[in-house]
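The structure appears right after this line, and notes come after that.
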Amino acid sequence: TVLKFQIEFDLINEIYEEINVRKINAQIKIDTGFSRYGFLYNDLEKIKNAFSNSEIQMFNELKYFTGLTEISDSAFTNCKSLKFIKFPENITKIGKNAFEKCIALTQINLSEYITELGAYAFSKSGINSISIPAGVEILPIGVFKGCSNLCSIYFEENSKLQIIGGEALFKYGYVSGYKCVGSNGAFSECINLQEIKLPSSVTIIEEGAFWGCKSLKSINTGELKKLIKIDGGLYEWFASNTYGYSFCGAFNGCSLETV
């Protein structure tokens, strides 16, 4: 069945509780039913969270939503059956947790116009390869955390990437101090990632950025002329008359042979 429809978007800026909200007023002419996903096109708020935890498998029609400039936070979180999605070309931002736990999503094409990826945007998804658009300057905490199938990462030519995010993950309940037990690094626990070639624009690799990437053997830090910091933290803790130390380095648990 060929789906025929026409959508005209009128963007309206409104303010709700001191937050700028962009709403879409859509006028739709539909020749065949397009209500199978159960939301109204003139309500962006419903579009934002309509799919989270759903059984949706494909969403090729999203490419027609030319008024959208971002995929909002948690938009497709835990859509375990989602295998394919097509973005409008004018998308510039992928929100926090947008595709977290989309385990069937093995590949996704990011538009060259995307400049921002949210924290945990693809965490624990099924992605096995990814190309990072040149305009992305920061890979935030957890953006690809726990992507156990991820083995290929590419950076577009003239990349502006500066920061690869990370932070220590602590276990609390001690008399004093904190015990580091993991990381929310941008690539932490990507256990099948063996090699990565970072763009020359990178300046900072934060603590735990590649924590637990046990297969990672090669990274080109020696070629990064603008690199000013590879971060790490030493944390002291005390419990049950016992002192201890834990360390969260950018490459904890890696198998690096070449840097």
Side-chain angles (χ1 to χ4, degrees), residues 96-97 100-101 116-125 127-130 132 136-155 159-259:
K96 295 184 294 184
N97 307 92
E100 184 178 15
K101 298 181 181 179
E116 183 176 351
L117 300 177
Y120 306 97
F122 299 98
S123 175
K124 299 180 181 179
S125 68
I127 287 178
N128 55 41
S129 65
I130 191 75
I132 308 298
V136 173
E137 297 184 3
I138 300 174
L139 291 178
I141 59 171
V143 62
F144 296 105
K145 178 179 178 178
C147 291
S148 58
N149 296 326
L150 184 60
C151 57
S152 299
I153 303 170
Y154 305 97
F155 297 90
S159 173
K160 297 179 181 179
L161 183 66
Q162 297 181 38
I163 299 173
I164 300 177
E167 65 176 10
L169 181 62
F170 298 108
K171 181 178 180 181
Y172 297 94
Y174 295 91
V175 175
S176 64
Y178 307 96
K179 185 175 183 180
C180 177
V181 294
S183 164
N184 290 323
F187 295 101
S188 59
E189 301 173 35
C190 292
I191 59 175
N192 280 308
L193 183 62
Q194 297 184 29
E195 180 181 6
I196 186 169
K197 187 175 180 61
L198 300 175
S200 59
S201 54
V202 171
T203 59
I204 297 174
I205 302 175
E206 295 185 342
E207 64 174 350
F210 293 90
W211 172 290
C213 294
K214 63 182 183 180
S215 299
L216 185 62
K217 296 181 179 180
S218 177
I219 189 168
N220 62 323
T221 52
E223 301 173 5
L224 306 180
K225 304 305 182 183
K226 296 182 180 180
L227 185 65
I228 58 176
K229 186 177 184 181
I230 299 177
D231 206 358
L234 181 65
Y235 302 95
E236 181 183 16
W237 54 271
F238 173 69
S240 302
N241 298 318
T242 302
Y243 285 96
Y245 296 90
S246 56
F247 180 71
C248 182
F251 300 102
N252 263 50
C254 298
S255 303
L256 288 176
E257 298 174 355
T258 304
V259 294

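Since we're looking at a predicted model, the values are computed, not measured.
- Looking at Gln162 and Ile204, their side chains never come closer than 4.5 Å, going by heavy atoms from C-beta outward.
- Across all their heavy atoms, Pro199 and Leu224 have their closest contact at O-CD2, 3.3 Å.
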### Task
List the steps, then state whether side chain to side chain contact (heavy atoms under 4.5 Å, CB included) holds for Phe155 with Ile130.
CA-CA 9 Å; Phe155 297 90; Ile130 191 75; over 6 Å; no

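- The salt bridge (Lys or Arg N to Asp or Glu O under 4.0 Å) test applied to Glu137 returns no partner, not counting sequence neighbours.
- In this structure, Ile132 and Phe144 have side chains that are in contact, with non-hydrogen atoms separated by less than 4.5 Å.
- Judged by distance alone, the side chain of Asn252 and the main-chain N or O of Phe247 form a donor-acceptor pair under 3.5 Å.
- The side-chain hydrogen bond (donor to acceptor under 3.5 Å, both in side chains) check on Asn97 picks up Glu100, with sequence neighbours excluded.
- Using a 4.5 Å heavy-atom threshold, the side chains of Phe187 and Leu139 count as touching.
- Rounded to the nearest 0.5 Å, atoms CD (Glu167) and OG (Ser188) are 9.5 Å apart.
- Under the 4.5 Å side-chain criterion, counting only non-hydrogen atoms from C-beta, Phe122 is not in contact with Leu150.
- Considering only heavy atoms from C-beta on, Ile153 comes within 4.5 Å of Leu193 through its side chain.
- Within the 4.5 Å cutoff, the side chain of Ile205 has no heavy atoms near those of the Lys229 side chain.
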### Message
Working note: Tyr120 + Val143, criterion side chain to side chain contact (heavy atoms under 4.5 Å, CB included); need CA distance, chi angles, decisive distance, verdict.
### Response
CA-CA 4 Å; Tyr120 306 97; Val143 62; over 6 Å; no

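- Taking each heavy atom of Leu161 and Ile163 in turn, the nearest pair found is CD1-O, 3.7 Å.
- The list of side-chain hydrogen bond (donor to acceptor under 3.5 Å, both in side chains) pairs with a residue in residues 189-205, not counting sequence neighbours, reads Lys197-Glu223.
- Counting heavy-atom neighbours within 6.0 Å of Tyr154 OH, excluding the residue itself, gives a total of 12 or less.
- Residues Phe251 and Ile230 meet the side-chain proximity criterion, which asks for heavy atoms closer than 4.5 Å.
- Side-chain contact between Leu256 and Ile219: present, with at least one pair of heavy atoms (C-beta onward) separated by less than 4.5 Å.
- Here the shortest heavy-atom pairing between Ser255 and Lys214 reads OG-O, 2.6 Å.
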### Task
Go through Phe210 and Ile164 one step at a time and tell me if the side chain to side chain contact (heavy atoms under 4.5 Å, CB included) criterion holds.
CA-CA 9 Å; Phe210 293 90; Ile164 300 177; 4.3 Å; yes

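- The backbone N or O of Ser129 sits nowhere less than 3.5 Å from a side-chain atom of Ser152 that would complete a donor-acceptor pair.
- Between Glu206 and Ala250 the shortest heavy-atom distance is O-CB, 3.6 Å.
- In this structure, Ile196 CD1 and Cys190 SG are separated by 9.0 Å, a value rounded to the nearest 0.5 Å.
- Pairing each heavy atom of Glu207 with each of Ser183, the nearest pair is O-OG, 4.2 Å.
- Taking each heavy atom of Val136 and Glu116 in turn, the nearest pair found is CG2-N, 4.4 Å.
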### Task
Could you walk me through whether Ile127 and Asn149 pass the side chain to side chain contact (heavy atoms under 4.5 Å, CB included) test, one step at a time?
CA-CA 6 Å; Ile127 287 178; Asn149 296 326; over 6 Å; no

